[in-house]
Amino acid sequence: MAIEEVIGRVARDLEHLKKYTATPGEGCTRLPFTKEAKEAVEYLRSLMEEAGLEVHEDAAGNVIGILKGEDQEAPCVMMGSHYDSVVNGGDFDGIAGAVCAIEVARQLKEKGVTPKRNFAAVGFCDEEGMRFGTGYFGSGAMLGDRDVEYCRKFKDTDGISIYEAMKGYGLDPEKIGDAKWKEGSIGHFLEVHIEQGPVLDAEGVEIGLVDCIVGIQRYMVTVYGRADHAGTTPMDMRMDAVDAATKVISKIPDWAREKADGTVATIGYINTVPGGMNIVAEKCEFTVDIRSKNNDNINDITRRIRAALDREVKQMGGSYEMDNKLTITPVQLSMDMLKVMEKSCQEHEISYKYLPSGAGHDALEIGQTIPTAMLFVPSKDGRSHCPVEFSKYSDFAKASVLAAELAEKLVT
Ligand code: HGY
Ligand code: MN
Ligand code: MN
Ligand code: MN
């Protein structure tokens, strides 16, 4: 197949998928178990069927297309990425990897490859964790790491649990265990994804070979004080939840900076209750997202947050909760798989660079136990998780050619 044809298909598919957003004109908002998610899944399903794959949607909301191999018992080769997005995000994060995986299946068929083992193209559900504060729901369910209790535990800001959202979407959360793949049935996983950072674009490099992905811990911290009149309550008689919380929040970024090794910490969400300008806040909740290639750094910052909360909240006379929403350790990716694609880059004279991923991905979840690799495509100006996120269709086409060459080696 000519590369122009591949570019045309990738462009057609991603242009089509752009419309499945809850915030048209203000970026992509495609949260799990919503109308927009259903529309994207239906379109991915139609692409998979058009490519001649055997398609099903599993108990976790993943959409999976299989190119059948001769030996149904052999571990499969899986490629894909997530179809959900953040709020007001970009049109490429995740979904482009699902489109590229289907494109790889097309290329395997066009090459006349007779796979010995299945090739699976996957659109994963709820990688971002945007709605419930968690993450890697679909890929985690495939590994058997999500159960009914997990679905009941985590709720969105409207108080709707994953369990209820799944039911409203038409899935049976009691059957979440059915999404688990048999031990050893996934032999390799590859994810094509946008870099979401500045390196490739700034250096004019076409492809990123990702050799490791940072670990992540996410928390929702809730500080409890007491509501009082903002005018009549003396400063030394207050139990001001915002005062205590912000004394902790203001320290967290510096604790990450001190590590001076790429460790990052982000307070992405802060909310006060009841939220009146003339009411001393009785509650202040905030999220913390800590990432590092070095897990000890993450644990150290988490420890320091807890110690600071103990000190400041005790001083204020209130209480706090620090709810863990996600803990996942850093992962080293498969050099065997990456070396194959490095050779393909050289043969095609595609410039490339090895680099770590500061973003989490389904590959972070699956790579915990299964040989995994990632290909990055440059992000214009390094921007992502915002409406201006942009990558070139021609770069996705290049990545899908490299991925198809790896897939051809692995499935035969
Ligand atoms: O948060 C992340 O790093 C990814 O985009 N889910
Ligand atoms: Mn993302
Ligand atoms: Mn992503
Ligand atoms: Mn009044």
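The figures here come from the full heavy-atom set of this structure, side chains too, leaving out hydrogens, waters and symmetry mates. Counting from 1, the numbers follow the sequence of the chain as shown. Counting convention: from 1, in listed order, for ligands and their atoms alike. Bear in mind the structure is a predicted one, so any value in this text is a computation, not a measurement.
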Quiz prompt | For ligand 1, the portion of H82 having any non-hydrogen atom under 4.0 Å away | solution =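 Contact part for H82 vs ligand 1: neither.
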Exercise. Please confirm whether the backbone N or O of P115 pairs with a side-chain atom of T412, one donor and one acceptor, at under 3.5 Å?
Key: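 No, the answer is negative, given that no donor and acceptor are paired below the 3.5 Å cut-off.
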Self-check item: Donor-acceptor under 3.5 Å (R30 side chain, Y83 main chain)
Solution: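 Checking the backbone N and O of Y83 against the side chain of R30, a donor-acceptor pair under 3.5 Å is found.
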Practice problem: Examine ligand 1 and decide if any of its atoms is less than 4.0 Å from a heavy atom belonging to M130. | Solution: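 It does not; every heavy atom stays at 4.0 Å or beyond.
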Quiz item: Is the shortest distance from a Lys or Arg side-chain nitrogen in R131 or D156 to a carboxylate oxygen in the other one below 4.0 Å?
Solution: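 Counted as a salt bridge, because a side-chain N and a carboxylate O are separated by less than 4.0 Å.
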Practice problem: Using distance alone, with no hydrogens and no angle criterion, decide if E389 and S384 have a side-chain donor and acceptor under 3.5 Å apart. | Solution: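 Yes, side-chain donor-acceptor contact under 3.5 Å.
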Quiz item: Do D145 and Y136 have side-chain atoms, one donor and one acceptor, less than 3.5 Å apart?
Solution: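 No donor-acceptor contact under 3.5 Å links the two side chains.
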Quiz item: Can a cation-pi geometry be assigned to R152 and Y163, taking NZ or CZ under 6.0 Å from the six-membered ring centre and within 45° of the ring axis?
Solution: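 Output yes; distance and angle both within limits.
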Quiz item: Closest N/O/S atom of D93 to the Mn ion (ligand 3), by atom name?
Solution: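 Within D93, restricted to N, O or S, the Mn ion (ligand 3) is closest to atom OD1.
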Quiz item: Considering only heavy atoms, which of R291, E127, H193, H361 lies nearest to atom 2 (C) of ligand 1?
Solution: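 Looking at heavy atoms only, R291 sits closest to atom 2 (C) of ligand 1.
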Quiz item: Can you list the ligand 1 atoms lying under 4.0 Å from a non-hydrogen atom of A359?
Solution: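 Counting atoms of ligand 1 from 1, those under 4.0 Å from A359 are 3 (O).
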Exercise. Please work out the angle at the Mn ion (ligand 3) defined by atom NE2 of H82 on one side and atom NE2 of H193 on the other, rounded to 10°.
Key: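 Taking the Mn ion (ligand 3) as the apex, the two atoms subtend 110°.
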Quiz item: Is there a side-chain contact between D211 and M374 (heavy atoms, below 4.5 Å)?
Solution: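 D211 vs M374: side chains apart.
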Quiz item: What angle sits at the Mn ion (ligand 2) between OE1 of E128 and NE2 of H385, to 10°?
Solution: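 If I round to 10°, I get 90°.
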Quiz item: Does an N or O anywhere in G360 fall below 3.5 Å from an N or O of ligand 1?
Solution: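 G360 vs ligand 1: N/O contact under 3.5 Å present.
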Quiz item: What is the closest protein heavy atom to atom 5 (O) of ligand 1, and at what distance does it sit?
Solution: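 In this structure, atom 5 (O) of ligand 1 has H385 NE2, 3.0 Å as its nearest protein heavy atom.
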